[in-house]
Amino acid sequence: MDTRRRNNVTVTGCPDGPVLLLAHGFGCDQNMWRLVVPTLAESYRLVLFDYVGSGRANPSAWDERRYSSLDGYARDVLEVVEELDLREVTFVGHSVSAMVGVLAAAKAPERISRLVMVAPSPRYIDDEGYRGGFSAEDIDELLESLESNYLGWSAAMAPVIMGNADRPELGQELTASFCATDPDMARVFARTTFLSDSREDLKTVVVPTLILECRQDVIAPREVGAYVRDTIPGSQLVTLEATGHCPQLSAPQATAAAIVDFVGAAS
Amino acid sequence: MCRTDQSVPEPGEEQDVDATDAVFTALLEDSAEELYEQAPCGYLSTLMDGTIAKINATLLEWLGLERSQVVGRMRFTDLLTVGGKLYHETHFAPLLQMKGEVSGIALDIKTAGKQRMPVLVTSKVKTSEEGEPMLIRTTVFDARDRRAYEMELLRGRQAAEEARRQSEADRARLQEALAVLQQSLLPAELPVVPGLEAGSYYHTASPDLLGGDFYDLFPLGGGQWAFFLGDVCGKGPQAAAVTSLARYTLRAAALHDPDPVSVLTTLNTVLHERYASGEGRYCTAIFGVLQPADGRVRLHLASGGHPSALIQRADGSADYLPTPGGLLVGVLPQAPFTAARTDLLPGDTLLLYTDGLTEARTGPERELYGDDALRAFTAAQPPAGPQSLITALSGLLASFGDGLDDDTALLALGVPSLPSIASEDLTT
């Protein structure tokens with residue numbers, strides 16, 4: 001299958017600029033990056049995509065086994081990178097995608113030369129000597145939340161999520177797909193995301209790495225940000241004046257500025 | 001309802017109050033503030049970072065918290081269970097930030113005494129005149145009953161889904177078992193017989209139903225070969241059981257005494273003994289013996305109520321080999337069977353078939369295809385051996401479409417033509 005169509009790949013920005021590959025996390029799709037795209041597009045060639053099982057990726061490409069491990073998602077990344085023959089890529093991964101980027105960079109160091117981790121966490125569940133912020137029961141509760149919100153998801157959800165009048169670009173088309181995920185696929189992605197443990201993988205990172213964390217983030221608390229910084233040698237940690245788990249939405253300017261600072265205007 | 005904007009009258013509108021209005025006014029003593037605080041749903045406003053700026057008494061009561069503990073001290077997500085927090089951060093907040101409004105999301109809040117209370121949450125971003133987001137207004141509806149009902153539905157759906165998976169698996173297993181059984185009723189492939197050619201075809205009317213047609217071709221020793229083809233009345237497992245009994249009885253009887261009438265008589269005795277006291281199962285069958293000799297094959301067969309065999313001769317003619325008067329096998333304790341003999345010469349083909357072929361419905365009047373049409377069809381085919389005739393007949397069966405509603409078995413046995421002298425001349 002054509003990877004571009006499979007992963008709903010979008011290419012925008014400066015055709016000759018350095019490449020930023022923007023990877024969404026669990027929950028929504030590439031539209032998560034909409035508010036930082038205008039700024040980043042001034043200096044970079046931007047490649048956006050949806051993981052299979054999210055957004056407008058081709059649902060017929062879904063393979064429960066493949067997407068039950070982060071490696072499956074990393075294969076999506078590598079296949080996109082190869083299909084477009086991208087090199088010197090800065091991989092910008094939100095949330096669980098930060099760990100997907102770690103796996104992809106380990107497999108294709110010749111293509112992925114920098115990592116930007118937005119609100120990363122290598123493990124969500126507490127462990128001996130490690131605090132991820134959640135217990136196994138908490139994750140079960142999330143899976144339950146998913147279930148209760150999918151009852152009648154397609155029939156009831158999309159129409160009631162209103163488009164914002166002063167942002168017509170967020171209209172019907174977006175409403176139809178943004179955050180609207182097939183319940184079975186979402187459950188698999190949720191389990192893969194929240195039950196994975198990528199702490200060992202962090203040690204494999206050899207490329208320059210920027211970690212962006214929010215001052216106040218329920219999903220990736222500050223101590224997890226510090227853990228990631230301490231585990232990846234030479235990485236930089238920047239704390240954004242933002243709350244929540246999605247600084248690219250709640251603080252788009254600060255997020256874009258931090259990325260520009262790290263990557264530079266041209267390579 | 002929570003939204004107060006429509007129900008609060010503008011000051012000055014009530015100047016000409018009549019008696020009815022006065023009654024309503026007395027009832028509607030609520031001020032806007034009262035309506036807000038005591039609304040039948042929770043109401044709160046937060047800053048864009050989620051810090052709670054305002055909250056109504058209803059929601060505080062559900063939470064079991066004092067206003068002073070909440071306002072300016074807690075964020076909206078602090079009110080949620082952990083699962084709810086995760087869902088909020090991964091779905092709710094992104095949607096709200098992108099769209100300005102999110103409606104009817106199912107979350108759980110933590111109530112007094114660490115209970116969980118299912119709620120439905122709707123949030124809307126209030127923007128300044130310049131379009132800058134200023135705060136988030138949120139309504140929280142008690143969804144305990146509704147969620148309990150939804151959980152019932154969800155469990156029902158999961159159970160139905162599981163049952164469907166199970167029944168599909170059962171069905172697949174059953175299909176496989178049926179296919180294996182069906183194959184046990186027919187030879188996997190016909191044996192190679194020296195000096196003979198053979199072809200067969202089996203059409204199943206329904207893949208779910210075991211067929212009642214059967215045939216076989218097997219050696220008797222001493223250069224003799226036996227064949228049979230028959231049709232058990234009915235379909236399905238009961239018919240298949242009779243088919244199986246008939247097939248193995250015929251094979252065993254033939255080894256004991258291959259005389260066709262004796263073999264059918266044995267089958268008659270077995271079927272009658274087995275089924276006479278019950279639902280009465282019987283079949284029709286032709287059993288025969290082939291004895292190759294002197295460039296020809298001697299054919300000796302007998303029929304028990306079965307449609308006559310058809311012989312396509314090397315000269316292109318086609319004629320039935322009549323076996324009148326043979327009774328159905330298994331109906332009566334003693335039954336007469338009719339034997340017939342002929343020789344098959346090089347280029348001749350013997351055709352056995354079940355009545356699915358001759359009783360197929362054809363044409364706009366849905367008439368029976370019939371014996372005459374079958375003979376004419378066969379005579380119209382070039383005498384090119386059993387395989388060729390079977391191919392032509394299977395094409396004919398396919399052309400009947402849904403006019404063919406019964407199982408149909410075909411067995412053709414022929415003596416190869418002598419090599420043509422003309423073609424030998426050409427090749428040498």
Side-chain angles (χ1 to χ4, degrees), chain A residues 24-29 31-32 34-35 95-96 119 124 133-135 137-152 156-157 159-167 170 174-175 178-179 181 186 190 193-194 215-220 241-246 248-250 252, chain B residues 46-51 75-78 80-108 110 116 118-125 127 129-133 143 146-158 161:
Chain A
H24 69 85
F26 165 72
C28 294
D29 60 31
N31 289 296
M32 287 292 278
R34 276 186 100 95
L35 302 186
S95 192
V96 68
Y124 296 91
F134 299 94
S135 66
E137 293 76 37
D138 295 337
I139 302 306
D140 288 342
E141 221 177 78
L142 167 72
L143 296 174
E144 217 175 280
S145 291
L146 284 174
E147 294 258 324
S148 45
N149 275 304
Y150 285 132
L151 202 76
M157 271 302 283
V160 298
I161 301 165
M162 311 254 293
N164 203 324
D166 57 357
R167 285 205 230 134
L170 305 182
L174 181 53
T175 305
F178 186 57
C179 288
T181 311
T193 297
F194 290 106
R215 190 167 44 76
Q216 186 66 248
D217 182 347
V218 178
I219 293 185
E241 275 306 308
T243 54
H245 188 55
C246 309
Q248 70 272 52
L249 288 176
S250 60
Chain B
T46 66
L47 305 182
M48 292 311 293
D49 70 358
T51 307
R75 294 172 201 277
F76 175 54
T77 48
D78 295 332
L80 303 174
T81 58
V82 181
K85 280 189 177 87
L86 285 167
Y87 191 81
H88 182 275
E89 292 301 314
T90 53
H91 291 76
F92 192 99
L95 270 171
L96 185 61
Q97 274 163 316
M98 297 293 281
K99 296 174 192 303
E101 173 162 344
V102 173
S103 211
I105 300 289
L107 296 170
D108 288 350
K110 295 179 290 190
R116 290 166 56 168
V119 291
L120 286 175
V121 176
T122 294
S123 288
K124 186 166 184 171
V125 176
T127 53
E129 283 179 8
E130 292 77 42
E132 279 301 306
R146 180 184 155 149
R147 191 79 63 80
Y149 175 61
E150 285 179 350
M151 289 314 288
E152 287 297 312
L153 286 180
L154 191 62
R155 270 195 290 275
R157 199 181 71 178
Q158 285 164 344
E161 189 63 17

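Since the structure is predicted, the reported quantities are computational estimates derived from the model, not experimental observations. Order of the sequence lines sets the chain letters (A, B, ...), proteins ahead of strands, with each chain counted from 1. Side-chain atoms are counted along with the backbone in the values below, which use heavy atoms only and exclude waters and symmetry mates.
Going from atom CG of L95(B) over to atom SG of C28(A) covers 5.5 Å, rounded to the nearest 0.5 Å. Atom OG1 in T90(B) sits 8.0 Å away from atom NE2 in H245(A) (nearest 0.5 Å). Considering CD of E137(A) and OG1 of T81(B), their distance stands at 13.0 Å, rounded to 0.5 Å.
At least one side-chain heavy atom of M98(B) sits under 4.5 Å from a side-chain heavy atom of N31(A). Side chains of F26(A) and H91(B) form a contact here, defined as non-hydrogen atoms less than 4.5 Å apart. For the pair F134(A)/L86(B), a side-chain contact is recorded, criterion being any heavy-atom separation below 4.5 Å from C-beta on.
Heavy-atom pairs under 4.5 Å with chain A peak, among M48(B), H88(B), R116(B), at R116(B).
For the pair G83(B) and E141(A), the tightest heavy-atom approach, listed with the atom from each and the gap, is N-OE1, 2.9 Å. Looking at every heavy atom in both residues, P94(B) comes nearest to L249(A) through CA-CD1, 3.5 Å.
For Q248(A), no part lies near chain B; criterion is any non-hydrogen pair under 4.5 Å.
Within the 3.5 Å criterion, the main-chain N or O of I219(A) finds no donor-acceptor partner in the side chain of E89(B).
Atom CZ of R146(B) has 12 or fewer heavy atoms from other residues, nucleotides or ligands within 6.0 Å.
When each of V82(B), D78(B), L80(B), T77(B) is paired with V218(A), the side chain to side chain contact (heavy atoms under 4.5 Å, CB included) condition holds for T77(B) and for no other.
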